[in-house]
Every structure is written in structure tokens, then in C-alpha cells.
Amino acid sequence: MQDNDVPVPGLLDWLDTPRADRGVNILDMTGEWQYTPYSDLAEHTKAAAAALTAAGVKPGDVVSIIHRNGPGFITAFFGALAAGATPSPAVPPALFQDRAAYSRHLGAILDVAAPTVVVLDPELLDQLGPTLREHGHRPMALDAAPGTPAGSPPQERPALPPTALLQFTSGSSSVPKGVAVSPQALHAQIGILVRWLGFHDGNACGTWLPIHHDMGLVGMVLPSVVTQSNLWIMQPDQFITGASRWLRLLGSGKVQITAVPPFSLKHMLRRVREEDLAGCDFSKVRVNVVGAEPIDGTVLDEFTRRLSPFGWPSGALVPAYGLAEGVLAVSGKDLDAPVDRVLVDRGRLRLGEKVVVDSGEVPAAGPLDLPASGRVLPGVTVEVRDEAGDSVSEGVLGEIVVGGVSLADGYRGHEPWPGEFVTGDAGFFWKERLYVLGRLGDSLKVRGVQLFAEDVENALSGLEALGKVRYAVVLGSLDGRDTVAALVVKKPGEWTEEVYRELRRQARGLRVVVAAVNRGAVRRTSSGKPQRRAMFEQLMTGSIDGVVVHDSVNDPAEEEQ
């Protein structure tokens, strides 16, 4: 699967031998690509390290970084490491619609990180600086030009800090936690990605993913910089508002490696027209990793079918599984191979029970076509366990437990992990491939069968009544009753009856709620994951921004279930 003989440079080796013929390209607000070679970026990074040292940052301190995608973030990140400090990325406010929610989110992160300084994108200094000072933090912006900061760089570079990255989880299932990553674990994960995805072959990488998030930072940016591969960067909002720009970049032949969450494939299928693809040639794309949330195989099929007339390689989509606690990647499909798939019997989704449909079987509750998240990557360990904590056999559903060379140390402020991390994700092995069903925290047990929010969402996606609107399914206990709720960004109308009927069918007797909500009520993390717990809590407290149009507790037919 990987060429394990490929040497992987150290985290800061590129600063000593930077290349002038490769670099970072950033799409500016006028739609033009701006290029910075690694030779310039290295000088900027050394200047940043000097500026941080002059500001009082000492080896082992934490430097929080609030920065939009681009070379400035890279300068701050590696500048902190070069000063012997721990970089800790945080989400910039442009990715949040609700300023009050953003302030609470950022405040929680900084309380845990306890940074010596907070490096801000210069464009954010006026906006965030006063509030940060008011709460006892020290904001600063780093000058983009080399040689300008006060003070001189140390004669000898400090050793890497014990924690090379303080990575905050996205908060899709709980309050964000600070994942402490050692230099050894970070380098090991970069090595896994370099060898698996082929950064060492001179392939260029492209990304629009938030650079503060593990999939964008560890998956795309860090391997590119460490190997000095050409890197093409867009902002997340540039992708959301102009998916065709992203596809034109991929279709230009300049990018061979990228990664996206599954929702973005749906977004591109909805937004991109045939004429937008004119002139695109996707044949140079080697690998497009798909991860960060459960994957719908029908979306993979439709995306490949739609782009194949323009040269999209049949094996380019690469389902994978990972998480911040494992630094990032845990498993992934073999490159250039077809996506392995199995049929799962929905009626058997019980932890500790076999779920795979063997040839000739007829599933009682309807089959679920599930794509594999590939083989476990070299150096990583994965075990699937039942509710008693015992390992289960092939094809049996359980909880995924990860370990290995790239496992993080633990959550900041908590006890270190004992060499493994219990993920809270449900999955199983089949023929050496890992299959992931979803978060156990986003599921309910219905008459002994596990019901996952992602499965219900996939069922709703086929309804004509919903069309292309935004929606989310949340699960939890409402007034003491297990409840399945759909939050749909649409004004009340005839569509609600069809959604209600399908939800009743999926919920198998549980309480069902359909709410017509305003756009901000369907909340996602900066990486696109539904914040189901937060949405359900708003529904539970009656603070959801919308109106409940159906609730099965008021339906006489409820008693017939």
C-alpha cells in the first residue's frame, strides 16, 4: 500500500534547505493566484520565530493562531515551532455566522490553550484585538516581510517542544477539546500521508479545507510544506460560493492530491453546471481523499459518473477514516483500486452482532450499501470491540479503538491515554477493510437495533419534496422520549408531510419531530460536520430558530406504532 522506504524530512528541515522552484499558491479576493516560493517562506518563518521570541515566547509555551488560509498561517505555525513553542490553531471568525457563538467557542479554546500570545491574521487585529486584551490575552500580528521584527533570531534553534501541535477537535459531538500531539506522533502521521498519498513524487496538493482543522492542516498543508511540494490554497468560503473555481483548479492538471468531506461532493453536484466543466481535464488527479464523516456510496458513484466524461479517474476517490485524536488518518483505500463495498442489514445494527449481508441473504429491514474506509494504515492499530470491551470477529459491529505510532498523547489538562483511544465511532472489519457507520453519540438504540442520524439523512436525501435544501437529522431524548428530529431550512408547506412520513418510517416507533428552520439553525463545524448535539440541545430547550410543524406525540396514529 505504501513505499515505506521513502525518507520523510523532519518538521523543520525545510527551513535549512528551502527550494526556490516550489512554493505556495493562494487565491486572492480578486480571483488571482499569488505565489510564494519556499525560499521566501523560510525567511518569513525565521523572522516570525524571532518576533515571537522578542514578544516573550519561551520554549514550551503555547502560541494560538487565528488566521485565514494562506502563507501567513504557515509562517506563524512553523515560526512557533522554530521558537520552540507549541502552535495551536483556532478557527477564524469568518467561518461562523453567529458572532456570540464564535466568541464563546474561541473563549473555551483559549481557556484550555492558555497561550502566551495569540497570533492574528492582520485583517483580524482590529476586530479581535480589543476583546482578546479585555480577557487577558496578548494579540499580535506577524509582519509578512523577513528581517523586520524586533530582536534577533537565536543563534541556535531550540529543540522542538514536548507538544508539537495543540489541535482542537471540531466540536461536532461535544465541547472542543485540546488534543496534545508530540513531535514524534506528528512526524509519524506526516510520514504515513507522504508515503500513502505520494507527496514524495513531486505531486502538487490543493485544498480549500480550513487550515486550522486536522484534515486541512495535517492532511494537506503539513505534508506539502515538509516535503516542499507545490501547494494550492483556497478559502473555505471561496469553495462554498464558487465550487466551479475549485473544479477548474483540479481540471487544470496542476493538482494531483486533495481531500474533501463527503458533504462537499454533494455541494459540487448541486452547484456545478455542465458548462462549468468545459475545458476541464481531471486525468492528472491521482487521489481525492474523502473523509471526516460517514460516506454515502451513491454520492461517490454520482460524482465519478458526472466527471468521468472530463477524464476523472475511476479510482481517484479514496474513502478514509481518521480523527484528531489519531492526529489524522487511521485507514484508507488502496490508491487506484476500486472502492470496496458491502451490504449491511439495517435490522441487525446491534453492537456485538454480525451486520454484513452474505450472498443470498435477504435483509429484513432493507440493505444499506456501505463503502469501506480502506485498510488500516501502516503504523496504526485498530480494534473493534463490543459493549463489554471485548474484541469482536469480522463482520460484527462494535466500537472502534485506535492506537499506534501517530496516536496523540491525550487531551490537554487530562490524564494521558493508555496507548489507545476509544473513538465513540461504530464500525466493523470485513476482508481486512474497515467500515464506519457513524458516531455512537449520534445514534439511538431502537428495540435493540442501532439507528444512526447519517442513515436517516441519507434516506431523506431521496425525497423530491426536499430538493436541494439544507437539513440535518438529530437524535436524543426529548421530554423523556427517544426522538428523531429533522431540521429543514425551508418555509412550512406541503413538503412537511412527505418528510414526516419518511421520518416515521425510519424511526421505527420513536417520537418524530419535523421543524422548518432558518439557515443558521442547521449548525455545522468549520469543517462541515453537523453539530448534532448543539442542535438537539436547542430543540430541547425550545431555542431553535424556527417552528415545529410536526410532532408525533400530537398524532393519534402514534399509538398505533
Side-chain angles (χ1 to χ4, degrees), residues 6-52 65 67-83 87 89 119 121-123 141-149 152-153 157 187 190 193-194 197-212 216-235 238 245-246 248-250 252-259 284-286:
V6 173
V8 179
L11 295 175
L12 296 178
D13 287 356
W14 70 278
L15 291 177
D16 299 322
T17 55
R19 297 184 61 150
D21 60 335
R22 293 184 185 171
V24 177
N25 302 271
I26 180 77
L27 185 66
D28 67 18
M29 301 311 292
T30 68
E32 298 294 325
W33 290 99
Q34 303 298 328
Y35 174 70
T36 304
Y38 281 111
S39 53
D40 287 357
L41 203 58
E43 291 304 308
H44 299 167
T45 299
K46 293 172 186 176
L52 291 170
I65 304 168
H67 218 290
R68 282 169 64 81
N69 289 7
F73 177 97
I74 296 171
T75 292
F77 184 93
F78 284 97
L81 281 178
V119 174
D121 189 314
E123 296 178 1
L142 295 173
D143 197 300
T148 55
S152 301
R157 187 181 298 151
H187 186 258
I190 291 172
L193 295 168
V194 165
L197 303 181
F199 285 89
H200 56 285
D201 291 335
N203 294 305
C205 176
T207 184
W208 54 264
L209 295 170
I211 203 169
H212 70 275
L217 173 62
V218 180
M220 299 283 96
V221 173
L222 297 190
S224 297
V225 175
V226 166
T227 61
Q228 299 192 69
S229 302
N230 282 321
L231 177 61
W232 300 77
I233 301 178
M234 287 172 53
Q235 306 300 329
Q238 289 174 326
R245 287 180 297 196
W246 170 250
R248 284 197 294 271
L249 172 62
L250 295 186
S252 69
K254 297 173 181 175
V255 169
Q256 288 76 49
I257 302 171
T258 189
K284 300 293 188 201
V285 177
R286 292 185 62 255

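Contact of the Val285 side chain with the Val255 side chain is not registered, since no non-hydrogen atoms from C-beta on lie closer than 4.5 Å. With contacts defined as side-chain heavy-atom distances shorter than 4.5 Å, the pair Phe77/Leu217 qualifies. The closest side-chain heavy-atom distance from Phe78 to Leu41 is not below 4.5 Å. When side chains are defined from C-beta on, Trp232 does not count as touching Thr258, because their heavy atoms never get closer than 4.5 Å. Val119 places a side-chain heavy atom less than 4.5 Å from the side chain of Leu52. Residues Leu81 and Pro87 form a side-chain contact, since some pair of their non-hydrogen atoms from C-beta on lies under 4.5 Å apart. At a threshold of 4.5 Å between non-hydrogen side-chain atoms, the residues Pro122 and His67 count as touching.
One N or O on the side chain of Asn203 and one on the backbone of Gly198 form a donor-acceptor pair closer than 3.5 Å. The backbone N or O of Gln34 lies less than 3.5 Å from no partner atom in the side chain of Asn25, so there is not a single donor-acceptor pair. Remark: the backbone N or O of Pro89 is not paired with any side-chain donor or acceptor of His212 at under 3.5 angstrom. A distance-only check finds a donor-acceptor pair linking the side chain of Arg286 to the backbone of Leu197 [under 3.5 Å]. In terms of modelled atom types and a separation under 3.5 Å, the side chain of Glu32 and the main chain of Met29 share no donor-acceptor contact.
Rounded to the nearest 0.5 angstrom, Leu222 CG and His187 NE2 are separated by 11.5 Å. Of the inter-residue distances, the one linking Met220 atom CE with Leu209 atom CG reads 7.5 Å to the nearest 0.5 angstrom. Here the straight-line distance linking atom NZ of Lys284 with atom CG of Leu250 works out to 14.5 Å at 0.5 Å rounding. If you take CG on Asp40 and OG1 on Thr45, they are separated by 10.5 Å, rounding to the nearest 0.5 Å. In this structure, CG in Leu193 is found 6.5 Å from CZ in Phe199, a value given to the nearest 0.5 Å. The distance from atom NZ of Lys254 to atom CH2 of Trp33, rounded to the nearest 0.5 Å, is 8.0 Å.
In this structure, Leu27 and Gln238 approach most closely via the heavy-atom pair O-NE2, 3.2 Å. Taking every heavy atom of both residues into account, Gly70 and Ile211 meet most closely at N-CD1, 4.0 Å. In this structure, Trp246 and Met234 approach most closely via the heavy-atom pair CE3-SD, 3.7 Å. The minimum heavy-atom distance between Ala20 and Pro37, with the atom names listed, is O-CB, 3.6 Å. When all heavy atoms of Asp121 and Arg68 are compared, the pair lying nearest together is OD2-N, 3.4 Å. Between Ser224 and Leu231 the shortest heavy-atom distance is OG-CD1, 3.7 Å.
Applying the salt bridge (Lys or Arg N to Asp or Glu O under 4.0 Å) rule to Arg19 yields the partners Asp21; only residues at least two apart in sequence or on another chain are considered.
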Mind listing the side-chain donor-acceptor pairs of residues 8-18 below 3.5 Å, one per line with the distance, residues two or more places apart or on another chain?
unit_1 : atom_1 : unit_2 : atom_2 : d
Asp13  : OD2    : Gly10  : N      : 2.7
Asp16  : OD1    : Arg157 : NH2    : 3.1

